[in-house]
Structure formats: C-alpha cells, structure tokens
Amino acid sequence: MGMTIVQKILAKATEQASVKVGDVVEPRVDVAMSHENAALVINQFLDVYSGTGLEPNVWDPSKIAIIFDHRVPAESSKTASNHKKIREFVTAQGITKFHDIRGDEGGICHQILPENGYIRPGYVVVGTDSHTTTHGALGAFSFGIGATEMASVWTLGTVLNVEVPGTIKVIINGELSEYVSPKDIILHLIGKISAQGANFKVIEFHGDTVKNMSTSGRLVLSNMSVEAGATAGIVPADEETLRYLREVAGVTDEIEFVLPDADAAYEQIVEIDASKLTSQIACPHTVDNVKPIEAVEGIKINQIVIGSCTNGRLDDLEIAANILRGKKVAHETRMLIFPASWKIYKEALNQGYIMDFISAGAVVMNPGCGCCLGVHQGALGDKEISLSTTNRNFKGRQGNPNADVYLCSPAVAAASAITGVITNPSKGVN
Amino acid sequence: MEKILEGKAFVLGNNIDTDQIIPAEHLVYSLSDPEEKKMYGKYALSSVPMEKSGLPNGGIKYVEAEKFDTEFPIIIGGANFGCGSSREHAPFALQIAGAKVIVAESYARIFFRNAVDGGFVIPYESVEKLNDKIKTGDEVKIDLEKNILLNVTTNEEYKLKPLGDILPILEAGNLFEYARQTDMIA
C-alpha cells in the first residue's frame with residue numbers, strides 16, 4: 001500500500017522507509033515559526049534550562065522564524081514590552097528569519113514565510129498559530145502547535161509525540177465562474193464537511209481546479225483547512241509551485257518534491273464541482289455555517305474588511321480594485337484594507353490599487369493581522385455587522401461579542417462595499 | 001496523576017472555540033506575576049453565550065463575577081471542543097480557573113495537544129454524547145484507571161475512551177517532564 005503525502009514527509013523526516021497512520025513519531029523540523037506569542041515560548045524555553053547549569057541555546061537559529069504581525073504597531077505598552085523582549089532574544093540567539101515592524105520586510109507571518117522562500121515542498125513546518133496550515137500550499141506538512149510544544153522544538157529540533165494522521169482527499173474539478181474564487185471553494189468545503197469534519201486529519205487537495213490555481217489561491221485553501229479542523233491542508237507540489245518559488249520567492253537552490261503515491265490509502269474522498277459554485281458566505285458564529293450568497297444578499301453591513309493571512313494577497317487586492325475603481329464605498333459603511341505584507345503593499349501601490357481604494361473611500365491600513373483577532377485596528381460597535389475576507393467569525397472575533405461577522409471572498413467584499421449590503425458581484429455592480 | 005477526580009460538572013455545547021474560552025483581549029496578562037495570572041481564571045469561558053453557559057438551562061457563569069476560580073472542576077463538552085486559535089492560554093485559563101478534566105465528544109487537535117503538553121487539564125473523549133445526559137451542577141466522579149465517569153447525582157455510569165498515546169505525557173506532568181524522563185533533554 002502506498003503512502004499519502006503526509007506519510008511520505010513524516011517517513012523522510014524520521015529517516016524511515018515508511019510510516020503508518022496512527023504511528024507516533026518525532027519528526028525533525030525544517031521551519032519553526034512564531035509571532036508575538038514567541039514571548040510565551042521564550043518563557044517556557046528558558047524554564048527548561050533554569051537550574052540545569054546549561055546555556056539556553058536554541059537548536060538551530062537559522063530554522064526559527066519570528067514575525068511580528070498580530071499587534072503591529074504595538075497597541076499597548078504591554079505589547080511593546082513583549083516586542084522588545086522578543087527582539088532581545090532574537091539578537092542574543094542569532095535568529096535570522098526575523099521580520100520586525102518595518103516597511104522593507106514586514107507582514108503577516110503566513111505571507112512572509114512563503115514570499116521569502118522559507119517554505120519548500122516536503123518540509124516539516126510548525127508554527128504557534130493555527131493558520132500555520134497555510135504553508136501546505138507549497139507541498140509542506142505544516143501545522144499549528146502551542147507554546148510549550150514550540151519550546152521543546154526550539155530545544156530539540158523535533159516535534160515530540162506526533163501521531164501520523166489519516167488523510168482526506170479532496171478532488172476539485174471544473175472551471176470557476178467569474179468572481180468565484182478559491183475562498184468560495186474552501187468555504188463550501190468547510191460547510192460540507194463541518195468545522196470538525198477533518199479533525200486530527202490532513203486534507204490533500206487534488207483535481208484540475210487546483211492544478212490550474214495560482215499559489216496565491218492554494219494558500220487560501222490550505223489556510224482555511226484548519227477551519228474544518230484539519231491538522232494540515234496540503235497541495236502536492238507541481239510546476240506552479242516551482243514557478244512561485246523561483247519567480248516570486250527568489251529561491252535559487254535545488255527544490256525537491258515529495259509527492260503522494262498513486263496507490264495511497266485515503267480515509268475519505270470528497271469531490272467538489274467548482275463550476276457549479278456561486279459566491280459563498282460563512283454566517284455567524286461558526287465558519288461552517290456556510291450559505292450560498294443568494295441566501296443572504298441584502299443584509300446591511302457596517303464594516304467591510306479585505307485582508308488577513310487568507311485574502312490579503314496581490315490578486316485579492318486586484319479583484320477588489322477592479323470592482324471599486326471609480327466607485328464609492330457606501331455611506332454608513334466603512335472599509336478597511338490590510339495588505340498581507342509590505343511587499344504586496346508596494347506592488348499594489350505600483351499597480352495603482354491603493355489609490356483606487358483611497359479614492360473610493362476605503363482606509364488602507366498597515367500590513368498585519370489587523371482587526372481579525374479583535375484587539376485593535378477596527379473594532380465593531382454593538383449590533384454592528386462586519387463582512388470580512390478573514391477566516392474566523394467566532395462570537396467576539398472582531399472585538400465585540402455583541403456584533404456579527406460574515407466571511408466572504410474579496411470580490412463579494414468589494415461589491416458589497418459599494419452598495420452597503422451583501423451583494424453578489426456576479427450580478428454586476430453599478 | 002490522581003486516580004480519581006470528582007466535583008461538580010459544568011456542561012457546554014458544541015464548537016466551544018478558543019475565543020469563547022479566553023477572548024484575545026485578555027491574552028495580555030503576565031504569567032510570571034501571580035496577581036495578573038489570576039485574571040486568566042477570572043475570564044475563563046467568559047465569552048460563551050449566556051444561554052449556552054451551563055446547560056441544560058444556561059445562564060450560569062463558569063467563574064462568578066468578582067471571583068477567580070470556579071466551583072465546577074469537571075467540564076462536559078460536546079463536539080469539537082477548543083476549535084480555533086493555537087493560544088495555549090485556552091487550556092491554561094481553564095486550569096487557572098480550577099478545571100481538572102474535560103470530557104468531550106471530540107476535540108480540535110491544537111487545543112487537545114496544548115492541554116496535554118502543558119499538563120493543564122486532562123482531555124477525555126466520551127464514548128457517547130454526554131452533554132444531554134449530565135446537567136450543570138451534577139456531582140460526577142471520574143476513575144482514571146478504569147476510564148469511567150460516574151454521575152453521582154443520578155448514579156449513572158458512562159465509559160470514556162482510554163487516553164492512549166498522550167498518557168505518558170500526562171503521567172509525567174507535562175511535555176518537558178516527559179522529555180526529561182525519556183532522557184531527551186537534561
């Protein structure tokens with residue numbers, strides 16, 4: 001019996017010929033990512049060494065990535081002090097993949113890792129963030145862990161006690177209609193299999209739609225796989241992966257693919273006909289409460305958000321700019337745009353998108369997680385409604401438990417900004 | 001690890017996400033300052049909608065206003081407990097509030113691992129759905145050797161799934177103690 005992609009990667013990372021689903025393994029780690037919660041990891045890491053007389057040194061400072069994105073610039077003195085503590089640790093340990101609050105290197109961790117060539121097919125990537133699943137889009141096994149687990153990775157360079165997960169094969173075929181995007185596919189999938197449909201499992205994405213999709217779109221599929229509970233969401237690497245790594249990420253060294261066997265055993269197969277999809281909306285307060293846009297059109301929106309690790313990439317901004325150009329954001333609606341990185345911000349500036357947004361009345365924010373986690377940069381008022389291209393709509397998510405968050409694609413967000421109500425972009429916006 | 005855990009049950013529904021367990025606005029308290037650390041207990045499960053907080057009737061706060069700990073050391077959850085963020089503060093906040101064990105139908109993986117790795121709270125899976133059989137306030141007793149939950153109030157007994165691969169970590173206390181015991185770290 002052949003192996004799935006996660007089995008292949010874990011076999012390689014544990015120097016075994018094969019691993020079975022359910023085996024407990026301790027794979028070596030290629031990239032270990034943290035953001036501001038590195039402060040918590042540092043505490044735990046130093047605890048491991050306290051009283052041992054040993055010098056607290058991380059296993060490999062070149063494999064640790066730390067990116068400030070959740071609270072940038074610092075929204076409070078506590079956060080600023082955390083940033084300071086992390087900077088000092090980074091310097092002391094010689095950590096090289098560090099991205100500070102800077103226009104020449106900063107952004108959201110799940111954009112910074114791929115665009116800087118830190119992720120390669122076949123890598124084992126861990127991150128102290130649930131959306132670490134994003135990097136599966138480049139054919140890596142990438143999953144979220146907690147601070148304690150990360151501290152042990154910093155110490156040992158391996159992840160302890162990992163069960164080899166079973167895999168759900170998701171086959172997506174058919175051409176997407178205009179204004180229907182990878183976001184609509186993943187929302188549809190989450191609605192179909194539920195928020196726990198892939199718990200403790202890996203999703204492998206296959207089919208023509210995925211093969212023809214840009215890496216930017218694949219990052220959306222992998223990013224939101226965790227909203228179906230998946231440990232990871234992996235797209236097998238191909239020519240497009242190679243193109244992205246060479247042309248966008250500037251990788252020059254050898255790239256090796258790790259691919260699933262043709263006779264791999266899958267626990268479940270889910271097929272999606274992408275040609276039949278219309279825009280999809282995740283309604284409050286769970287990500288699997290997904291409805292086709294036709295069911296929710298016309299709901300009045302107070303705040304529109306485009307951005308985040310899900311949909312803040314250049315093609316997302318391009319779709320939105322094309323819809324908004326020469327138009328106005330509706331009165332009584334405010335629109336916030338968070339490019340996923342400063343590199344994307346600059347490209348959007350060069351393309352004229354930023355001017356399109358500002359002229360339409362949108363507010364273009366600095367790259368970062370923004371209001372998605374609900375601590376700054378765009379809280380909602382009581383009984384207000386947000387329509388957002390982010391990835392979570394839990395109660396209280398955008399800073400107010402008495403508000404509602406709907407999730408959508410960039411095209412829906414842009415079309416709805418003009419009308420002030422949930423609007424189907426496929427019907428045309430005037 | 002204790003062999004028997006007992007106390008009052010607090011019953012919750014499905015998809016208790018990490019924002020309900022500990023909202024992001026409360027992630028700022030210092031863990032090294034004991035006074036600030038208590039705040040995690042104060043706000044544990046504070047964003048569960050009131051009508052779903054303490055089933056079947058709801059309207060019960062996990063931690064009463066002005067208090068920092070709970071009278072319910074045993075949490076009975078539904079499906080997909082702990083979905084959402086990787087914040088370790090979620091199981092940690094439950095521990096600070098005084099939770100000892102969660103019995104849920106299923107868990108989101110990161111929460112489950114965090115609960116175990118930090119030794120914060122024991123995440124048991126039930127064999128059958130229990131959040132419609134046990135009521136908030138029921139006295140329950142969990143036998144960790146036999147993997148059985150006894151509802152003392154109703155005298156009904158339910159099977160729990162054995163803890164399996166995570167048991168060595170729970171027995172060691174947390175992931176670091178486990179690593180030390182297996183000579184992986186000093």
Side-chain angles (χ1 to χ4, degrees), chain A residues 22 24 26 36-37 40-41 43-44 47-49 52-54 70-71 76 78-79 82 127-132 143-152 155-156 158 160-163 165 194-196 199-201 226-227 229-231 285-288 373-375 392 394-397 399 401, chain B residues 14-20 23-32 36 46-50 52 78-92 105-120 164-166 168-169 174-176 178-180 182 184-186:
Chain A
V24 176
E26 279 156 13
E36 279 89 337
N37 62 16
L40 197 53
V41 185
N43 286 348
Q44 307 265 34
D47 269 0
V48 176
Y49 288 90
T52 62
L54 297 170
H70 271 55
R71 297 159 186 256
S76 68
K78 273 187 193 300
T79 295
N82 261 346
T128 46
D129 187 275
S130 56
H131 293 107
T132 302
F143 60 107
I145 62 175
T148 300
E149 208 163 359
M150 184 57 86
S152 86
T155 310
L156 300 166
T158 55
L160 298 180
N161 197 264
V162 176
E163 79 292 352
S194 92
Q196 56 163 330
N199 272 6
F200 288 81
K201 297 188 196 314
V226 71
E227 305 308 329
T231 301
H285 296 287
T286 56
V287 185
D288 61 356
L373 75 158
V375 293
R392 285 205 175 119
F394 300 158
K395 204 172 174 62
R397 183 73 187 177
Chain B
N14 295 336
N15 296 316
I16 296 296
D17 62 63
T18 49
D19 282 84
Q20 293 178 53
E25 64 185 289
H26 299 308
L27 302 181
V28 294
Y29 309 118
S30 162
L31 297 173
S32 42
E36 283 199 29
S46 62
S47 261
V48 177
M50 269 327 278
K52 294 178 184 168
N80 206 23
F81 195 97
C83 58
S85 143
S86 67
R87 64 187 68 151
E88 199 158 291
H89 310 77
F92 175 74
E105 277 173 82
S106 63
Y107 293 89
R109 181 182 188 276
I110 305 176
F111 175 89
F112 181 82
R113 293 303 311 204
N114 282 344
V116 172
D117 290 339
F120 299 123
D165 299 333
I166 59 165
I169 301 173
N174 60 44
L175 191 65
F176 295 132
Y178 167 75
R180 279 199 182 92
T182 48
M184 283 185 281
I185 57 172

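What's counted below: heavy atoms across the whole structure, side chains too, no hydrogens, waters or symmetry copies.
- For the atom pair CG (B/L175) and OG (A/S152), the distance works out to 4.5 Å, reported to the nearest 0.5 Å.
- Within the model, atoms CD of A/E227 and CG of B/D17 stand 10.0 Å from one another, a figure rounded to the nearest 0.5 Å.
- The OG atom of B/S30 sits 7.5 Å away from atom CG of A/N43, with the distance rounded to the nearest 0.5 Å.
- Atoms CG and CE, on B/D117 and A/M150 in that order, are 12.0 Å from each other to the nearest 0.5 Å.
- Separating the OG1 atom in B/T182 from the CG atom in A/L160 is a distance of 7.0 Å, to the nearest 0.5 Å.
- Across A/E149 and B/E88, no two heavy atoms sit closer than the pair N-OE1, 4.4 Å.
- The choice from B/G84, B/G118, B/S106 that makes the most heavy-atom pairs within less than 4.5 Å of chain A is B/G84.
- Looking at B/E105, there are no atoms closer than 4.5 Å to chain A (heavy atoms on both sides), in backbone or side chain.
- Contact of the A/N37 side chain with the B/H89 side chain is not registered, since no non-hydrogen atoms from C-beta on lie closer than 4.5 Å.
- Around atom NZ of B/K52, no more than 12 heavy atoms belonging to other residues, nucleotides or ligands sit under 6.0 Å away.
- For A/R397 (side chain) and B/D19 (main-chain N/O), no donor-acceptor pair under 3.5 Å exists by modelled atom type.
- When all heavy atoms are compared, the tightest approach of A/K395 to B/S47 is CD-O, 4.5 Å.
- The shortest non-hydrogen separation linking A/E26 to B/Y178 is OE2-OH, 4.1 Å.
- The OG1 atom of A/T79 lies 10.0 Å from the CG atom of B/L27; values are rounded to the nearest 0.5 Å.
- Residues A/A151 and B/F176 share a closest heavy-atom pair of CB-CZ, 3.5 Å.
- Taking each heavy atom of B/R113 and A/N161 in turn, the nearest pair found is NH1-O, 2.9 Å.
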Side chain to side chain donor-acceptor pair (under 3.5 Å) between A/N199 and B/N80, intermediate numbers included: CA-CA 8 Å; A/N199 272 6; B/N80 206 23; 2.9 Å; yes

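- Side-chain atoms of B/N15 never come within 3.5 Å of backbone atoms of A/A195 as a donor-acceptor pair (strictly under, hydrogens ignored).
- Residue with the most contacts toward chain A among B/P49, B/A90, B/P23: B/P49 (heavy-atom pairs, distance under 4.5 Å).
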